[in-house]
Enquirer: 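Pasting in a structure now, in structure tokens, and then I'll have a few things to ask.
Throughout, protein chains are lettered first and strands after them, A, B, ... in sequence-line order, and every chain is numbered starting at 1. The model shown is predicted, which means the values in this text are computed figures rather than measured ones.
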Amino acid sequence: MSKRTPVARTEQDDGDGPSEQPDSERADQPEESGVETGAEAVVAGLENAGVEYLFGVTGGAIMPVYDALYEHEELTHITMAHEQGAAHAADAYGIVSGRPGVCMATSGPGATNLVTGIADANMDSDPLVALTGQVPTGFVGNDAFQETDTIGVTRPITKYNIFADDEATVGTDIGTAWALANEGRQGPTLVDLPKDITQAETDQRPEEPSTPDTYDPPTTAEAVMIEAAAETLVDAERPLILAGGGVIKGEATEELATVAREFEVPVVTTMPGTGAFPQTDPLSQGIAGMHGTGYANMAISNCDVMLAVGTRFDDRLTGDIETFAPDAEIVHIDIDPAEISKNVEADYPLVGDAGVVLEQLLRAMPGRPAAEAWREQCRTWQEEYPLDYEAPADEPLKPQHIVERFDEATPADTIVAAGVGQHQMWAWQYWTFTEPRTWVTSHGLGTMGYAVPAAIGAKLAAPDREVVAFDGDGSFLMTAQELTVAAREELDLTIVVLNNEAVGMVRQWQDGFYGGRHMASEYPWAPQFDKVAEAFGAKGLRAEHYDDLEETIQEAREYDGPAVIDAAIDPTEDVYPMVPSGGDNARFALNAEQLEGL
Amino acid sequence: MSRGELPGPEPGERTHPEGRRNGQGIRIDPEAEAERSAERAVLSALVTHEPGVLAEISGLFSRRQFNIESLTVGPTVDDSLARMTIVIEEPRSGIDQAKKQLEKRVPVISVRELDDDAVQRELVIVKVNGDSPDQVNAITDMYDGQTLDAGPRTVTVEITGAQQKIDDAIDAYRQFGIRELVRTGHAAIARGEAPTAQVSEPNQAPTEAQVATEEVTDD
Ligand SMILES: Cc1ncc(C[n+]2csc(CCOP(=O)(O)OP(=O)(O)O)c2C)c(N)n1
């Protein structure tokens, strides 16, 4: 086993004659770089980037890299059950920590199993680095055993990917991938590592992580545009802030709150923007979109100036683009120029870093908009269209009630993960989010199976905080095997399966739009998830009654390790409000009857 | 939360502004809607000369459904760079979006939309039946072309020029029966001192001011 001595900088000769640096003697002893192979350069690249955890599954083509990790102290490898789990765990680690999570897999099936997680990170701009083994370069293109064109497969779903074809630069490639995932608009990157490259001898230490010279994300917005936007905002009668995930990714929550409070502008968040502004603030106007609150959607539809920050105007948010905020002049802040006027035309495009641009705007605002009547109107909508469900005293349990009880029982900084489906929407709607990086789910891709591995990644990123995952029975069945990881790593987290013995979201759509024909949406033989959990070494609990729900929640929370609650919920419960796909946001349905009338 | 004390109006009766946007998210006069029509634009992109860049760019255009007419790629004076010339047909918002999506890819160094007066050339090689060689030659002369190969059964000619000229020449050759033809797609370079797409330009979207001036020059 090679012992690595930490070396602060690269060994590259700058050709400028004898160096006056005190460490110049290193040049005579290149073997002390601590790197002997391409694989060790990869590991050194990860160390340079300050990576703590790797989530992965080993296999033939990636074995040299795994070997280089043997007895390695700084880097902890978490062996996952499935590569999809590795990608989601790394993704959630990235969401919670703000720094790229790293997943790794072998070539062929290992790489293709990562694809869902990479695509998920790409849709949500989550910082993620994927390392994949590849067949030796001499075999590439010959359909070798476990060969997949990983670069080709992942090109459309990565921010950038690199085929590492040189052992001398492979360590630097890792740093480049890490820096690109981290900087500007975050996203997934991938480095494909052919086995001959990782096995080859090299003593080249990687350079410090940095993005290519040609990569130059904008920071400040144009002053003229800032002035114009500020004036429009001040003149607004019905101003609204729409806070997207970019506010959180860009660490701009404080700047956003300052702008909102200084100018008394109500704030609506998108689903990825959840936590960007405390939902307990009097200016919080809730969450918007297909299953957002009625009052948020009313505010969006009726505002006359919208300050949209770090959002890509996804169709689940906008509904029918033709009726989206139809009167609003749009001030759009985004770090990615390509998001400007992609879906909704920006009247005032402000390209730059969210925090920096919000500060620019703050300084440029000549006064505050006179919008008391509008704020009053927003409050009226809150009273007219509160989130609401019928809470009968009798079982079966209402899922919304379970979410609310959990929220009450846990501290404010608790991290909430969710799968995809109705349970995700109930968790989103009925939890009160007050802090950024506490809502961890799959937004843009809508990936069932996200919750369990995400809870693992989230817990490792924030070991001192509580992690609660809400999952559906269908979603849970897609990645439940990752419980074995949570048990082995002794991760203290709670998974609540809101079990309706159906892929409920699909069943709801069948009821709403397919005449109640329940094709492939019901699970008459759902397993007992508490027993499944026990088999994996987790604690299994059941929740069936209102009177011992509180106790069950406490038991799960107090258990020191992973606990799974199989909660038998009302299988007929549906998610409302709902704006049908492509509908007008102001015409949300509050119940089945209203939906039918749309 | 408990049931609202003041149940708000039903979906159809809620307040809603009269305004509308079009399918491209642009606010419009609801009375007079006219979808913006497609225009043709020539984009020149300077990219790093490395494997996979062509696949990356062509993949970008296909998955984002940008309508492309031609895409050519070739080396530049700098060995480490290649230039792509892309002709697309899209409404203005689509052209702007295509430029920004291109600029965003890491291997893309800079992108420019060329003015209408840019120098544009395309080359076609046409193989026609050789039954009437004199008439074929006459047409080739008319279009300033060259005969590349002539045999008892076929004549192969080359024509270079702007797109319209090439289209016209091909039409003229049809009477002889075209056996095969191959077109290169567009090569274009900005006229005079104007840059086509240069290394020094930062890899980011043009500022609004730039966009505005470009639009003015386009008109
Ligand atoms: C991987 C994947 N497959 C299929 C779907 C389509 N889909 C969306 S929601 C849903 C139902 C999810 O069921 P479940 O996890 O039980 O949650 P519920 O809606 O019942 O709360 C399905 C099948 C998806 N989003 N992801």
Side-chain angles (χ1 to χ4, degrees), chain A residues 151-152 155-156 159-161 163 180 185 211-212 214-218 222 224-225 294 298 301-302 304 313 318 321-329 336-345 347 349 351 377 380-381 383-388 390 404 430 584 586-590 594 597-598, chain B residues 1-28 30 33 46-48 50-52 55-56 59-60 62-64 93 96-110 199 201-209 211:
Chain A
I151 291 293
R155 190 174 280 128
K159 185 170 167 183
Y160 191 52
N161 62 19
F163 183 77
L180 276 169
R185 179 178 180 175
T211 56
T214 53
Y215 185 76
D216 184 17
E222 242 188 305
V224 195
M225 198 56 80
M298 287 304 284
S301 296
N302 288 282
D304 68 350
F313 294 104
T318 61
I321 213 79
E322 297 186 8
T323 56
F324 177 76
D327 268 6
E329 287 196 81
D336 182 354
E339 287 307 338
I340 303 289
S341 302
K342 185 184 80 179
N343 292 339
V344 175
E345 190 188 45
D347 299 278
V351 177
Q377 174 63 69
T380 304
W381 283 324
E383 285 165 24
E384 287 178 341
Y385 303 111
L387 276 175
D388 187 27
E390 270 178 70
E404 287 180 327
Y430 287 91
D584 176 342
R587 305 184 72 192
F588 49 86
L590 294 170
Q594 287 190 349
L598 289 181
Chain B
M1 244 182 249
S2 63
R3 195 158 275 279
E5 295 292 297
L6 313 157
E10 295 281 308
E13 289 143 31
R14 295 179 194 138
T15 53
H16 199 304
E18 289 300 309
R20 272 193 107 66
R21 293 177 187 274
N22 66 12
Q24 288 137 26
I26 301 169
R27 273 179 304 136
I28 50 166
E33 158 60 323
L46 207 56
V47 303
T48 54
E50 60 188 37
E56 168 147 10
L60 166 69
S62 77
R63 70 177 183 267
R64 293 206 177 258
S93 56
D96 289 342
Q97 181 59 208
K99 286 197 279 187
K100 291 191 284 191
Q101 289 294 346
L102 267 175
E103 268 154 354
K104 170 169 159 173
R105 302 313 298 181
V106 177
V108 175
I109 292 160
S110 70
V199 182
E201 290 175 62
N203 182 14
Q204 70 178 67
T207 61
E208 278 317 294
V211 171

Enquirer: Can you tell me which of Ile321(A), Leu590(A), Thr318(A) forms the most heavy-atom pairs within a distance under 4.5 Å of chain B?
Expert: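 Option with the greatest count: Ile321(A).
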
Enquirer: Ignoring hydrogens, what is the shortest heavy-atom contact between Arg21(B) and Ala328(A)? Give both atom names and the distance.
Expert: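 That would be NH2-O, 3.1 Å.
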
Enquirer: Do Gln101(B) and Lys342(A) touch side chain to side chain, with heavy atoms closer than 4.5 Å?
Expert: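 The answer is yes; the side chains approach within 4.5 Å.
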
Enquirer: Taking all heavy atoms of Arg14(B) and all of Ala586(A), pick out the closest pair and write down the distance.
Expert: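 The pair with the smallest heavy-atom distance is NH1-O, 2.9 Å.
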
Enquirer: Given that the side chain runs from C-beta out, which part of Pro156(A) has a heavy atom under 4.5 Å from chain B: side chain, backbone, both or neither?
Expert: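 Its backbone and side chain both get close to chain B.
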
Enquirer: Kindly compute the distance separating CZ (Arg27(B)) from CG (Asp347(A)), expressed to the nearest 0.5 Å.
Expert: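 Taking CZ in Arg27(B) and CG in Asp347(A), the distance rounds to 4.5 Å.
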
Enquirer: Go through the atoms of Asn161(A) and report whether side chain, backbone, both or neither lie under 4.5 Å from a heavy atom of chain B.
Expert: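 It is neither, since no heavy atom gets under 4.5 Å.
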
Enquirer: Considering only heavy atoms and a distance below 4.5 Å, find which of Leu598(A), Val224(A), Ile151(A), Asp584(A) pairs most often with chain B.
Expert: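 Of the options given, most contacts go to Asp584(A).
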
Enquirer: If you look at every heavy atom in Tyr385(A) and Gly8(B), which pair is closest and at what distance?
Expert: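 Reported closest heavy-atom pair: OH-C, 3.3 Å.
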
Enquirer: Please flag which part of Glu50(B) lies under 4.5 Å from any non-hydrogen atom of chain A: side chain, backbone, both or neither.
Expert: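 The side chain, not the backbone.
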
Enquirer: Tell me, for Thr15(B) versus chain A, whether the close heavy atoms (under 4.5 Å) come from the side chain, the backbone, both or neither.
Expert: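 Both parts, heavy atoms under 4.5 Å.
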
Enquirer: Which one wins on heavy-atom pair count under 4.5 Å against chain A: Gly59(B), Gly25(B), Gly52(B), Ala98(B)?
Expert: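 Most heavy-atom pairs under 4.5 Å with chain A: Gly25(B).
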
Enquirer: Can you tell which part of Asn302(A) gets under 4.5 Å to a heavy atom of chain B, answering side chain, backbone, both or neither?
Expert: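 Contact with chain B: backbone and side chain both.
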
Enquirer: Side chain, backbone, both or neither: which part of Gln97(B) has a heavy atom under 4.5 Å from chain A?
Expert: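 Side chain only.
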
Enquirer: Within the 3.5 Å criterion, strictly below it, is a donor on Glu345(A) or Gln24(B) matched to an acceptor on the partner's side chain?
Expert: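 Judged by distance alone, the side chains do not pair up.
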
Enquirer: Taking side chain as C-beta onward, heavy atoms only, is Ser341(A) less than 4.5 Å from Asp96(B)?
Expert: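 The answer is no, as the side chains (C-beta and beyond) never meet within the 4.5 Å cut-off.
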
Enquirer: Measuring from atom NZ of Lys104(B) to atom CD of Glu339(A), what distance do you get when rounded to the nearest 0.5 angstrom?
Expert: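 Lys104(B) NZ to Glu339(A) CD: 5.5 Å, rounded to 0.5 Å.
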
Enquirer: State, to 0.1 Å, how close Pro326(A) and Arg20(B) come at their nearest heavy-atom pair, and which atoms those are.
Expert: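 Heavy atoms only, the tightest pair is CB-N, 3.8 Å.
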
Enquirer: In terms of heavy-atom pairs under 4.5 Å, which option from Gly12(B), Ala55(B), Pro9(B) contacts chain A the most?
Expert: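 Among Gly12(B), Ala55(B), Pro9(B), the one with the most close pairs to chain A is Pro9(B).
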
Enquirer: Please report the interatomic distance CG(Leu60(B)) to CZ(Arg155(A)), rounded to the nearest 0.5 Å.
Expert: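 One finds 11.5 Å between CG of Leu60(B) and CZ of Arg155(A).
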
Enquirer: For the residue pair Glu322(A) and Asn22(B), establish whether any side-chain heavy-atom pair is separated by less than 4.5 Å.
Expert: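 Counting from C-beta outward, Glu322(A) and Asn22(B) never come under 4.5 Å.
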
